[in-house]
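Data block below; observations after.
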Amino acid sequence: MIKPKWKFAFTFSIITTIFGFMLGVQYRSIEEPDERDTRDMWELREDLKREQKLQVELLEEIRKYDQMQREMEKNESPEKALKDTLEELKAKAGLTEVKGEGVVLTVEPLFDSNLLGKPIQPISPELLKRLINEVNSYEAKEISINGYRVVNTTVIRDINGITKIDGNSLNTYPIEIKILSNDAEKLYSKINGSALKDDFAIDNLKLTVSAPQKQLIIPPYEKSIRIQNMAPLKDEKEGN
Amino acid sequence: MWLPVIGILLGIILGLYSNIQIPDEYSNYLSIAILAALDTLFGGFRAYLQNSYDELVFVSGFFFNILLAASLAFLGVHLGVDLYLVAMFAFGVRLFQNIAVIRRILIAKWNSGRNTHKKKSNF
């Protein structure tokens with residue numbers, strides 16, 4: 001037989017444990033975050049702008065999908081809508097030929113090997129990647145290097161001393177880089193105004209930018225895109 | 001009588017290390033629930049000191065008060081009236097009363113203890 005006093009203490013302890021648990025959770029919930037927000041006004045403004053831009057983009061996307069859905073519902077044959085979507089996605093992934101305005105960059109050796117007295121090095125993958133990142137930040141739409149389309153999964157790396165793009169060698173000069181943009185004029189002046197030419201000159205390479213051209217053709221990506229870590233969404237509702 | 005204190009410490013440690021975080025908008029409910037729980041705890045202790053402690057009343061009161069307080073706050077949010085103030089007020093007043101009673105009882109016990117001690121030493 002348990003004594004009443006011990007019974008009381010036991011019940012009371014269980015209740016106080018629950019109470020303490022509530023206290024602990026509450027304390028954890030209201031405590032200040034560990035990292036202090038030290039952004040100043042300009043940084044906050046920039047962040048706000050970035051978020052607003054993101055919001056606009058998301059809204060545009062929502063509108064696009066809404067429209068797509070409406071078209072799908074309106075269309076008698078869902079087959080056509082699916083085909084359209086497929087074409088659109090293919091174009092987005094870089095599997096179709098693209099025409100448009102843009103500029104052509106040519107990479108050549110800055111000085112002849114006879115003049116330098118040593119062989120000319122092939123273009124380094126880092127430099128090429130830097131160029132691609134840079135022109136992407138200038139709102140380039142499509143890029144091809146020596147006729148090889150640059151897509152999201154394109155690999156540029158050094159294999160046994162030779163720079164390769166998706167397995168194709170880039171060891172002969174000149175290298176021709178075609179870039180499409182909605183505003184070729186702007187792209188042209190941005191590339192000209194950037195430090196890209198200086199970066200190329202450091203590697204003994206000359207970067208020439210052609211005048212904006214109205215009709216540039218960029219070939220499709222020739223290999224198949226391998227996707228390893230993706231699976232279709234199970235829930236169909238979330239797919240829309 | 002150290003068991004409840006150990007219990008409360010154990011609870012706090014569990015709470016701190018449990019990685020549970022209540023979202024900001026619900027932390028109001030939890031704080032009012034904590035107030036209700038505190039009131040019930042002191043009420044139970046008072047009842048124990050007054051020898052009118054009933055386990056069922058105490059345990060049911062603990063959970064019922066918490067639920068009542070949280071639902072009052074919830075109702076208040078939806079009605080646009082700060083109903084959680086009602087719970088705050090009720091529990092706050094009762095808390096003070098309970099603590100006052102506990103204090104008196106303890107003082108009375110202490111005094112009577114001292115008196116009997118004096119009487120004993122007089123003999």
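Worth knowing before you read on, the calculation uses all heavy atoms, side chains too, and leaves out hydrogens, waters and symmetry mates. So you know, we letter chains A, B, ... as the sequences are listed, proteins then strands, and number each from 1.
Residue B:Y53 holds its OH atom at 8.5 Å from NZ of A:K7, rounded to the nearest 0.5 Å. Separating the CE atom in A:M22 from the CD1 atom in B:I20 is a distance of 12.0 Å, to the nearest 0.5 Å. Annotation: the span from B:Y17 atom OH to A:R28 atom CZ amounts to 10.0 Å, rounded to 0.5 Å. Separation of atoms CG (B:L38) and CG (A:L23) is listed at 8.0 Å; rounding is to 0.5 Å.
In A:E139, the CD atom is not crowded: 12 or fewer heavy atoms of neighbouring residues, nucleotides or ligands sit closer than 6.0 Å. Counted within 6.0 Å of OH on A:Y138, heavy atoms from surrounding residues, nucleotides or ligands total more than 12; the atom is thus considered enclosed. Residue A:K64 qualifies as enclosed at atom NZ: its count of foreign heavy atoms under 6.0 Å is above 12. The environment of NZ in A:K129 is crowded: more than 12 heavy-atom neighbours from other residues, nucleotides or ligands sit within 6.0 Å. Atom NZ of A:K223 sits in a crowded spot, with more than 12 heavy atoms from other residues, nucleotides or ligands closer than 6.0 Å. Residue-environment remark: CD (A:E222) stays at or below the threshold of 12 foreign heavy atoms within 6.0 Å. Atom CG of A:D40 is surrounded by more than 12 heavy atoms from other residues, nucleotides or ligands within 6.0 Å.
Pairs of residues two or more places apart, or lying in two chains, that qualify as side-chain hydrogen bond (donor to acceptor under 3.5 Å, both in side chains) and include a residue from residues 11-22 of chain A are A:T11-B:E55.
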Inset, instruction - For B:S18 and A:F21, run side chain to side chain contact (heavy atoms under 4.5 Å, CB included): C-alpha distance rounded to whole Å, both residues' side-chain angles, the deciding distance at 0.1 Å, then the answer. - result: CA-CA 9 Å; B:S18 66; A:F21 183 73; 4.0 Å; yes
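Within residues 60-74 of chain B, the residues that have a heavy atom under 4.5 Å from a heavy atom of chain A are B:F62, B:F63, B:I66, listed by number. Of all residues in residues 185-198 of chain A, none places a non-hydrogen atom less than 4.5 angstrom from a non-hydrogen atom of chain B. Residues of residues 30-37 of chain B placed with any heavy atom under 4.5 Å of a heavy atom in chain A are listed by number as B:L30, B:S31, B:A33, B:I34, B:A37.
Here the closest heavy-atom approach between residue B:P4 and residue A:A9 is recorded as CG-O, 4.4 Å. Scanning all heavy atoms of the two residues, the minimum distance from B:L16 to A:G24 falls at CD2-O, 3.8 Å. Of all heavy-atom pairs spanning A:F12 and B:L41, the tightest one is CZ-O, 3.4 Å.
Proximity to chain A is limited to the side chain of B:F58, based on heavy atoms less than 4.5 angstrom apart.
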